[in-house]
Amino acid sequence: MSENNDKSSDQKTKVSDEDCSSIDPSEKWLIRDCDVYKDEYDECTSFKGRFHQYFIYGESLDCNQWKKDYTNCRKWVDNNDVKAGKAVIQSETARRLERLRPHYQNNVWKKRESPPADWDKPLPEWLQKRDENSYLALKAKEMKEGKEEATSSCCIM
């Protein structure tokens, strides 16, 4: 009887290993840490979040997708549930496209193919003169000369 249990557990392991490989590795990065989805849901349903939604959109938003994503993420992490993992990836892809929709629909600005030829030219003289005694310029000069000491200017009170 124990042999059957061992075989069935091996088969389950093999199935889950195969299932995990069925998700394209180039998409796995889309799945965030599960706590992020929980935090987003908590923020969305909080009093402050609801007030902000009402102020910006004039109504409360539906926060259920964050909860679904959290549930699916937990299934993916805990049980290697491929269906749940794919659901999270699909949700993240849709969220990303919605966020980038204005960028893709923009027809006011011409998109560049490459940076301008003179993108790294020196700053104008008046700007160099204005900033020559700034803290950042002095620190950069010290670093170039090797005078920089490894001290922290952080103060904990």
Side-chain angles (χ1 to χ4, degrees), residues 17 19-157:
D17 288 345
D19 287 345
C20 286
S21 65
S22 69
I23 290 183
D24 186 10
S26 66
E27 294 179 330
K28 283 184 182 179
W29 70 272
L30 288 169
I31 301 176
R32 305 183 205 183
D33 187 35
C34 294
D35 290 337
V36 172
Y37 298 112
K38 185 174 183 346
D39 291 343
E40 289 284 356
Y41 176 73
D42 291 344
E43 174 64 25
C44 186
T45 57
S46 71
F47 179 77
K48 180 182 174 185
R50 292 296 186 189
F51 183 78
H52 179 75
Q53 294 162 16
Y54 186 73
F55 182 78
I56 298 297
Y57 304 107
E59 62 185 8
S60 294
L61 301 179
D62 182 19
C63 301
N64 289 327
Q65 189 59 46
W66 291 114
K67 190 171 187 175
K68 288 177 192 174
D69 288 346
Y70 174 72
T71 303
N72 286 330
C73 182
R74 291 282 13 135
K75 287 178 185 176
W76 165 250
V77 170
D78 296 339
N79 305 326
N80 290 332
D81 185 347
V82 176
K83 187 176 178 182
K86 287 183 179 182
V88 174
I89 290 172
Q90 183 179 7
S91 174
E92 284 292 339
T93 303
R95 188 176 293 120
R96 187 173 181 213
L97 286 174
E98 184 63 31
R99 182 176 57 84
L100 293 174
R101 185 177 316 268
H103 168 71
Y104 293 130
Q105 291 176 344
N106 177 24
N107 59 4
V108 175
W109 301 102
K110 180 183 174 197
K111 292 184 176 41
R112 293 186 192 153
E113 299 295 324
S114 62
D118 61 348
W119 69 270
D120 60 346
K121 69 180 180 181
L123 293 173
E125 189 175 321
W126 66 268
L127 190 55
Q128 289 178 3
K129 192 169 209 67
R130 185 192 75 179
D131 293 339
E132 68 186 8
N133 291 324
S134 70
Y135 180 76
L136 185 60
L138 292 173
K139 283 295 177 185
K141 185 178 177 184
E142 286 178 9
M143 286 179 66
K144 285 179 185 175
E145 294 173 356
K147 295 180 183 177
E148 171 76 16
E149 3 178 305
T151 59
S152 172
S153 59
C154 178
C155 179
I156 299 174
M157 300 179 131

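As a basis for the values below, the full set of heavy atoms in this structure was taken, side chains included, without hydrogen atoms, waters or symmetry mates. It should be emphasised that the depicted structure is a prediction, and the values quoted were computed from it without experimental measurement.
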Do [X] and [Y] have side-chain heavy atoms sitting under 4.5 Å apart?
X    : Y    : value
S91  : K68  : no
E40  : Q65  : no
K144 : K141 : no
C44  : K67  : no

Would you please name every residue forming a side chain to side chain contact (heavy atoms under 4.5 Å, CB included) with D39, sequence neighbours left out?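 With sequence neighbours excluded, D39 shows a side chain to side chain contact (heavy atoms under 4.5 Å, CB included) to no residue whatsoever.
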Could you list the residues that satisfy side chain to side chain contact (heavy atoms under 4.5 Å, CB included) with E92, not counting sequence neighbours?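 Applying side chain to side chain contact (heavy atoms under 4.5 Å, CB included) to E92 gives L30, R32, Y37, V88, R95.
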What is the distance from atom [atom1] of [X] to atom [atom2] of [Y], rounded to the nearest 0.5 Å?
X    : Y    : atom1 : atom2 : answer
D33  : K38  : CG    : NZ    : 12.5 Å
L138 : D131 : CG    : CG    : 11.0 Å
D78  : C73  : CG    : SG    : 8.5 Å
T71  : W66  : OG1   : CH2   : 13.5 Å

If you look at every heavy atom in [X] and [Y], which pair is closest and at what distance?
X    : Y    : value
C34  : R74  : CB-NH1, 3.5 Å
I31  : W76  : CD1-NE1, 3.7 Å
W119 : P116 : CD1-O, 3.2 Å

Any donor-acceptor N or O pair under 3.5 Å, side chains D62, N64: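 Yes, because at least one side-chain N or O of D62 sits under 3.5 Å from a partner of the opposite role on N64.
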Within a reach of under 6.0 Å around CD of E132, are more than 12 heavy atoms found that belong to other residues, nucleotides or ligands?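 Counting other residues, nucleotides and ligands, CD of E132 exceeds 12 neighbours.
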Return yes when atom CD of Q90 has more than 12 non-hydrogen atoms of other residues, nucleotides or ligands closer than 6.0 Å, and no otherwise.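 12 or below, so no.
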Once side-chain hydrogen bond (donor to acceptor under 3.5 Å, both in side chains) is applied, do any residues pair with R96, and if so which ones, sequence neighbours excluded?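 None.
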Would you confirm whether R50, through its side chain, and L61, through its main-chain N or O, come within 3.5 Å as a donor-acceptor pair?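 A pair under 3.5 Å: yes.
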